[in-house]
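Before any comments, here is the structure.
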Amino acid sequence: MEMPKLPVAGVRHLITIGSGKGGVGKTTVTVNVALALRALGHKVGLLDADVYGPNVPRMLGANEAPRANGDRIRPIEAHGLKVMSMGFLNPGDKPVIWRGPMLHSVMQQFVRNVEWGELDYLLVDLPPGTGDVVLSLAQSTPITGAIVVTTPSEVALEDARKAVHMFRQLHVGMLGLIENMSYLLAPKSGERIDVFGQGGGKRTAQEMGIPFLGELPLVPEIREGGDNGRPMALAGAEAAGAKPIFELARTVIDRAAQAAAIKGPSIAVED
Ligand SMILES: Nc1ncnc2c1ncn2[C@@H]1O[C@H](COP(=O)(O)OP(=O)(O)O)[C@@H](O)[C@H]1O
Ligand SMILES: [Mg+2]
């Protein structure tokens with residue numbers, strides 16, 4: 001029997017960002033889209049649910065320890081986002097090694113015991129693959145929709161298809177597929193180089209009957225922005241390098257509104 005799902009109080013849209021494979025740019029996309037949503041005037045939270053490889057603190061240049069408020073945890077504020085990450089609680093290079101039940105309880109604490117406040121969007125950066133974290137979240141909490149990030153390479157697409165199937169099995173609606181590292185513009189000639197192949201994301205989305213949300217090119221500045229805690233999106237909607245990120249953010253806004261309209265209000269109404 002399915003347990004009733006409890007919405008996160010004050011959060012309008014909860015969106016998970018997953019991938020089959022690691023290293024496809026899931027965290028990069030999540031952090032940048034979150035900042036773009038914020039720049040477009042929305043209240044945004046970012047939950048780093050990649051407990052094995054929590055990269056969100058570095059990408060946002062945030063390394064404070066969260067403070068408790070009674071039995072609740074205050075999220076860290078970074079570039080106008082509310083952020084929670086295992087990286088704040090376990091800084092440094094030592095890994096956390098946890099079994100399923102502990103992952104479940106950490107996820108529940110991150111979702112329920114963090115003072116997220118009023119948010120238009122809570123983006124959840126999932127660990128790669130199909131594991132306990134996503135299971136815990138999907139079974140306990142209504143999700144507006146899932147985004148799957150992939151590169152155009154066949155091995156990434158193969159794993160992305162698995163991720164889509166997993167969300168289907170968990171009855172989580174798909175917001176759509178994002179193709180990252182779609183192409184590289186050669187610095188001198190401006191020639192487009194399809195490092196990981198071409199068109200795979202769009203084709204896969206079509207084959208699977210899910211929306212294609214857009215593509216993000218492979219750009220050195222995006223990598224640098226992630227490494228130094230100043231993500232590309234901070235350059236603003238008009239900066240050339242940030243344009244595709246803001247386009248993605250606008251598409252996410254539209255798709256989330258459509259998904260919510262189909263499902264009805266996420267707040268349970270008693271009758
Ligand atoms: N569009 C991009 N252009 C340039 N570098 C990118 C891009 N997307 C991701 N990267 C870089 O690729 C690496 C992996 O990205 P990351 O977001 O950590 O992937 P994941 O979260 O899927 O494991 C990082 O060094 C990141 O800066
Ligand atoms: Mg990551």
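Every number for a ligand or one of its atoms is a count from 1 in the order of the listing. All residue numbers in this chain count up from 1 along the given sequence.
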Glu179 side chain to Ser182 side chain, donor-acceptor N/O pair below 3.5 angstrom: yes
With a 4.0 Å cut-off on heavy atoms, is Met59 in contact with ligand 1? yes
Starting from Leu6, can I reach Leu14 by hopping between I/L/V/M/F/W/Y residues whose side chains sit under 4.5 Å apart? no
Gly22-ligand 1 polar pair, N/O distance under 3.5 Å: no
For atom 17 (O) of ligand 1, what is the closest protein heavy atom, and at what distance to 0.1 Å? Thr28 OG1, 2.6 Å
Within the structure, does Thr27 bring an N/O atom to less than 3.5 angstrom of an N/O atom in ligand 1? yes
Please write down residue, atom name and distance for the protein heavy atom closest to atom 19 (O) of ligand 1. Gly25 N, 3.0 Å
One finds that the ligand 1 atoms under 4.0 Å from a non-hydrogen atom of Pro217 are 1 (N), 2 (C), 3 (N)
Looking only at protein heavy atoms, which one is nearest to atom 12 (O) of ligand 1, and what is the separation? Met181 CE, 3.6 Å
Between Ser19 and ligand 1, does any nitrogen or oxygen pair lie at a separation below 3.5 Å? no
Within the structure, does Lys26 bring an N/O atom to less than 3.5 angstrom of an N/O atom in ligand 1? yes
Any side-chain donor near an acceptor of the partner, Gln258 and Arg255, under 3.5 Å: yes
Give a yes-or-no answer on whether the side chains of Glu115 and Asn69 include a donor-acceptor pair shorter than 3.5 Å. yes
Leu213 pairs by side-chain contact (heavy atoms from CB on, under 4.5 Å) with which of Leu177, Thr251, Val29, Val149? Thr251
If you measure every N or O of Leu218 against every N or O of ligand 1, does any of those distances drop under 3.5 Å? no
Will you find, in the side chains of Thr28 and Arg223, an N or O donor that is under 3.5 Å from an N or O acceptor? no
